[in-house]
Amino acid sequence: RPPPVGVVNVASVASHLTPSMESKFNMYGAVKGAVAAFSTALRRNLLEGSVGKACGIHVTAACPGSVPTALARDAPRSALAQAHAAVTPDALKWGLASTPEWTAEAAWRAVSANRPYAFNSRMDKLIAVVMHLFTLLHVLFYS
């Protein structure tokens, strides 16, 4: 049997934001949420379909937190650049930020283990869970 084929779609921890959350990243979160939803749907379709089972295609949504990139550097007055400017060695140490290399390694590990999401740290996972809980509370009490 051939080794699994991996598909990694780059979402974000922000993909777990809800539009009801007050944030400067609402639109960013909505777009990344679409990427995560697409990855989940593609993963499910491949797992349930004969082609995906036969080929062993693994689909993972990478959901890193803050990762300083050229995008932020090239848009110095953007909210994204300001958020990344706050990244310090301590933030990296505590999992509050990451690097592009660590993001790629986390994604590869997740694809290899056939996991649906790749988080760079436990902190990123915790943030995603808290955001989902906030969404649940919002639906229960404000809808």
Query - Steps toward side chain to side chain contact (heavy atoms under 4.5 Å, CB included) verdict (R109, R115) - result: CA-CA 9 Å; R109 283 192 307 274; R115 291 193 307 257; 4.3 Å; yes

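- Contact check for V7 versus L46: no side-chain heavy atoms found under the 4.5 Å cut-off.
- When hydrophobic clusters are built by joining Ile, Leu, Val, Met, Phe, Trp and Tyr residues whose side-chain heavy atoms come closer than 4.5 Å, directly or via intermediates, V129 is not grouped with F134.
- Qualifying side chain to side chain donor-acceptor pair (under 3.5 Å) partners for S39, counting only residues two or more places apart in sequence or in other chains: N9.
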Query - Full working for side chain to side chain contact (heavy atoms under 4.5 Å, CB included) between T40 and Y117 - result: CA-CA 9 Å; T40 301; Y117 296 100; 3.2 Å; yes

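- Atom CZ in R43 sits 6.0 Å away from atom OG1 in T60 (nearest 0.5 Å).
- The heavy-atom pair separating A106 from A118 by the smallest distance is O-CB, 3.7 Å.
- Listed by chain and number, the residues in a side chain to side chain contact (heavy atoms under 4.5 Å, CB included) with R44 are E48 (sequence neighbours excluded).
- M131 and V31 end up in different hydrophobic clusters when Ile, Leu, Val, Met, Phe, Trp and Tyr side chains are linked at under 4.5 Å.
- In this structure, the side chains of I127 and F119 stay at 4.5 Å or more apart for every pair of heavy atoms.
- V10 and V35 sit in two unconnected hydrophobic clusters of ILVMFWY residues. Membership requires side-chain heavy atoms under 4.5 Å apart, directly or through other members.
- To the nearest 0.5 Å, atom OG of residue S15 and atom NZ of residue K32 are 8.5 Å apart.
- Screening N114, L42, N45, L47 against V59 for a side chain to side chain contact (heavy atoms under 4.5 Å, CB included) leaves a single residue, L42.
- For V8, the side chain to side chain contact (heavy atoms under 4.5 Å, CB included) partners at least two apart in sequence or on another chain are A62, A107, V111.
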